[in-house]
Amino acid sequence: MNPSLVSDVTTVLLALVGIIGFFVSLQSYRAYRRYGSKQMGLLALGIAMLTVVPVGLTVGLPVVPGVTDAASLLVVSISYLVGLAAIDVAFNHVE
């Protein structure tokens with residue numbers, strides 16, 4: 001398979017994840033603002049931390065000098081952890 005094609009498809013899919021994640025988290029945030037629902041606010045945060053933030057970090061961190069692959073992976077993993085925790089709290093722990 002052509003490595004250039006794989007790179008292009010990966011870039012398109014990464015952008016698609018970021019765009020759809022941003023749209024869904026924006027809709028959740030708008031519901032939070034409209035109805036004052038803490039669950040929707042936490043859901044918006046969780047979706048953003050699972051989709052939008054990792055895409056930004058994946059694109060942005062490699063251009064920062066001195067950032068290793070291990071550090072990038074750690075920061076993205078922390079973003080996933082925060083996103084999952086926010087969604088867990090939204091579904092299970094809010095009054």
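Values below: every heavy atom of this structure, side chains too, minus hydrogens, waters and symmetry copies. Residues: numbered from 1 along the sequence shown.
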For residues 56-78, which side-chain donor-acceptor pairs fall under 3.5 Å, sequence neighbours excluded?
residue: T58; atom: OG1; partner: P54; partner atom: O; Å: 2.6
residue: T68; atom: OG1; partner: A71; partner atom: N; Å: 3.1
residue: S72; atom: OG; partner: T68; partner atom: O; Å: 3.2
residue: S77; atom: OG; partner: L73; partner atom: O; Å: 2.8

Hey, what else clusters with [X] if you join Ile, Leu, Val, Met, Phe, Trp, Tyr whenever side-chain heavy atoms sit under 4.5 Å?
X: I19; answer: none
X: Y35; answer: none
X: V12; answer: none

Could you give the side-chain donor-acceptor pairs of residues 1-8 under 3.5 Å, partners two or more places apart or in another chain?
residue: N2; atom: OD1; partner: S4; partner atom: N; Å: 3.1

Is there a path of hydrophobic side-chain contacts, each under 4.5 Å between heavy atoms of I, L, V, M, F, W or Y residues, that connects F91 with V82?
yes
Residues 40-53, side-chain donor-acceptor partners within the protein, below 3.5 Å, at least two apart:
residue: T51; atom: OG1; partner: I47; partner atom: O; Å: 2.7

Please name all residues satisfying side chain to side chain contact (heavy atoms under 4.5 Å, CB included) with D88, sequence neighbours left out, ordered by chain then number.
N92, H93
Would you be so kind as to tabulate the donor-acceptor pairs closer than 3.5 Å made by side chains of residues 22-29, with sequence neighbours excluded?
residue: S25; atom: OG; partner: G21; partner atom: O; Å: 3.0
residue: S25; atom: OG; partner: F22; partner atom: O; Å: 3.1
residue: S28; atom: OG; partner: V24; partner atom: O; Å: 3.2

